Amino acid sequence: MRWNSFFRNRENRLYFKILFYFLTLLIPIVIIGLSTYMYSLYIMKKDFNDRIKTNLQNAAQTIDAKMGSLQEISFNFFSDYTVRMLLMPEEQQSLEVRTEIWRLPKIIQRNENIVSDFTDRMFVYIDTSNVYVSAGVNRFDSFFGTMYKYDQYDADYWAQKLNSDKYIELLPAASVKREGIYDKQVVPVVIRDRLQSYNAVMVINVAVDAIEKALKGNAVFESTRYVITDGSGKALLDPNGYMADPLFAEAAADRQGDQALKGEMDIAGERYEVSHAKSALYGWDYYSFTPISEFHRHTSSILLMTLLLCLVLVLMGIVFSFVFSSRIYNPIRNIRNIILDKSDLWSHEGHAPAQQVNDFEQIQQSLRSLTDYHRQYKRKYDQHTSEYVESSFLFLLKGHTLNQEEILQETLQAEFGLDRAGYVCCGVSFDFKEPFYQDIQDTDRMLVMNGIKKIIWTLLGEIAPSYVIEYRQNLFVAIINVENREQAAALHPTFQKLMSLFQYDIHMYYDMTVGIGTFYSGINEIGASYNEAMTAIGKRSGKDRFQIVDSEQLQIENRFMYSLFDEQKIWNHLKLGHKDALRDIIDQIVTANVQGSISYEYLGLLFQEMYTTGARFLVERGMDVHSIAADEKLSRLLEGERSVSFSEYRDMQEAIYAYYVQIIDATRTGGDGKSGSLVSLIEKYIEDNYRQDLGLEQIAGEMGVSLKYVSRVFKEKTGVNLTDYINQVRMDKAKKLLTETDMRVSDIAEQIGIPSRTTFLRVFKKMEGIAPNDYRSLHRK
């Protein structure tokens, strides 16, 4: 009855008339929506076609660039001085070449790593005896028969490539089986060069899946598929079998390219948009096939979006038409309430005012979503900040230095309140007993360690801003921000409180040690304070289970005791093969340093120096340093983990002893002949390079030992100073040129590596007693 009276009321006719005018304004929305859809459909398809074509061309250029880099790598490889000196048939290899042949796989590996994302394997051979790969040297028949077997090319085929007259050749795609494990499609690129009157062949296998990946990396649509053919129209890549279609195969074989394969084409009952690109390097043809249904799918989404947009606009127009006059104030009031509501009343149930929901309620929800987004962003920002701070501290604890420490300083001050003058680094170490692992489940141990970390952080935070990290298993490191040394000394009561707490609570599970480092003012000196803290932990007494050790109360030596006399004793026993005596000497050296208050960091440096002694001994014997492998702990120490905890130094001591034992075993069977000695290597190097500048530093660097060591060993073995030996070699060469040629004296001087004519005359007269021209005349008479 009420609505009937409302519609019949003459006073409301103006309302309906205005409403009608509002509704007629919705008709242009529908017309504009349809026009927009048609125009968007045309532009979108044109844009997609252009993008597909451009991306295909870019992919082809990318593949060409990678293929070009393969040629450059092969050129650099065959131009390498070491390669040209070492790569020769097996029967031509001398003893010196065989001792250095390990360098070839290293060079191959270095070149292979440059294009590893595009290739499957790179190998080189110069005869039918050996094949050189990055992992080492393989026998020719075994390599092509089992280790790297092609389905189309056998060992005889690759042997024939040594007699090929082509510099570079791209073979058709083949399937290769690596050690019988898996098959992989590759395109072999064969490059031939001539070394020392022999043909050498390098084969670089381009992975077909890498080519496909390069194409798909530039794809506009995921459904786009690709075909690659060589210059003769043979398929290199056709995973979907498009070449089986007669129309496409004929066009591809005729090399008609864009003229015949432009636009749409029906293949196997489905219609595709075909694009073509040509390789500028090898003449490959690249084809892309994009289903027309993909365009329809995108255009249907545009139609749906347009319809939905028109529908939403129409509905909104209708709603606005009805509500504009009667409910305009309520949405404005809601917006005002949300903006002015600082107490977040909407987040509590029951606090929202009772009202009817309307369209403008969306504004309120959007503002709430924006607030939630801001909170999520803040949480992510805090997480990334914590990760940055923790990684920076870990970097400093390892003894490194930050180049822009002010960034970390500002972050610590703004986010964690660390704004005081200096830092003290403290270590809290737990030695868990067997009951801990028996009574506490492994899945709960992480929760226990997190709880311990929170307790340490909370107690330290009561006296100074701090940051606590779990540096490694069972070791927490606290970086405490204090003003001066006096405030650092006040840390003891807090650690006593911490010690009492953990000593009272389930103390049967662990022993606990707190090491306190020294106060430093610079943030880059945190590593030094950490070194002192860890040294203090290593100096704990064996009597008490719960201890606090302050580095200020210790006399820490930042050096190690390892004299030339100690090294000579080790050297002598290595020569004599006295294993038991070596163990005693190592124990004496390490014990003397530990008892002498050596620091946590320098204990690691001591073991590095003892390893170097063994390495120098191997070099003097003419052996490869890497032929004797160190164990895992010693290897990590040599790779940069300079610190050795005092609880682990006995293990490291045994590792050094085991390393020396391996050296004794290796050198005992290898002999100590002159041909394999350091002196022979030096003589060979001088003979090969006397024409160049031969500084003693350069020779020492080539041999991998110090300058003093090279001079001492050479003098001991030959009785001649190294500089005199270099001059003697040059003078012998000069005398031969004086007697056998008519070269000028200045040219001879430059030929033998002495650019100065005056210097040559002085040295020649000193060593031979007469001038060069007089020597020539006397010899000819």
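Computed from a prediction, not measured in an experiment: that's the story for all the values here. Side chains are part of it too, since the values below use all heavy atoms of this structure and drop only hydrogens, waters and symmetry mates.
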If you count heavy atoms of other groups shown closer than 6.0 angstrom to OH of Y157, is the number above 12?
yes
salt_bridge(K66, D117) N-O dist < 4.0 Å
yes
For residues 188-204, which residue pairs qualify under salt bridge (charged side-chain N to carboxylate O under 4.0 Å, His left out), counting only residues two or more places apart or in two chains?
none
Look up atom CD in E112 and atom OG1 in T119, then write down how far apart they are to the nearest 0.5 Å.
5.5 Å
Verdict with supporting geometry, F143 and N130, side chain to side chain contact (heavy atoms under 4.5 Å, CB included):
CA-CA 9 Å; F143 179 81; N130 295 321; over 6 Å; no
Just list the side-chain donor-acceptor pairs under 3.5 Å for residues 725-732, sequence neighbours left out, or say none.
unit_1, atom_1, unit_2, atom_2, d
N727, ND2, T723, O, 3.4
Q728, NE2, D732, OD1, 2.9
R730, NE, Y690, O, 3.1
R730, NE, I752, O, 3.2
R730, NH2, Y690, O, 3.3
R730, NH2, Q692, O, 2.8

Gap between atom CD1 of I211 and atom CE of M67 - 0.5 Å precision
6.5 Å
I need the full list of salt bridge (charged side-chain N to carboxylate O under 4.0 Å, His left out) pairs touching residues 747-768, with sequence neighbours left out, sorted by first then second residue.
K735-E768, R744-D747
Closer than 4.0 angstrom, basic N to acidic O: yes or no for D587 and R583?
no
Summary of ring-ring contact (aromatic ring centres under 6.0 Å, His included) pairs that have at least one residue in residues 95-121, sequence neighbours excluded
none
Between the CG atom in L737 and the OG1 atom in T741, the distance rounded to the nearest 0.5 Å is 5.0 Å
Report the relative orientation of the aromatic rings in Y148 and F123; use parallel for angles under 30°, tilted for 30 to 60°, perpendicular for over 60°.
perpendicular
Enumerate the residue pairs fulfilling ring-ring contact (aromatic ring centres under 6.0 Å, His included) with a member in residues 750-771, sequence neighbours excluded, ordered by first and then second residue.
F760-F764, F764-Y775
For residues 139-160, the salt bridge (charged side-chain N to carboxylate O under 4.0 Å, His left out) pairs (sequence neighbours left out) are E90-R139
How long is the gap from CG on D127 to CD on Q92, to the nearest 0.5 Å?
9.5 Å
Rounded at 0.5 Å granularity, tell me how far NZ in K684 sits from OG1 in T99.
9.0 Å
Output the distance between atom CD1 (I73) and atom CD1 (I204), rounded to the nearest 0.5 Å.
6.0 Å
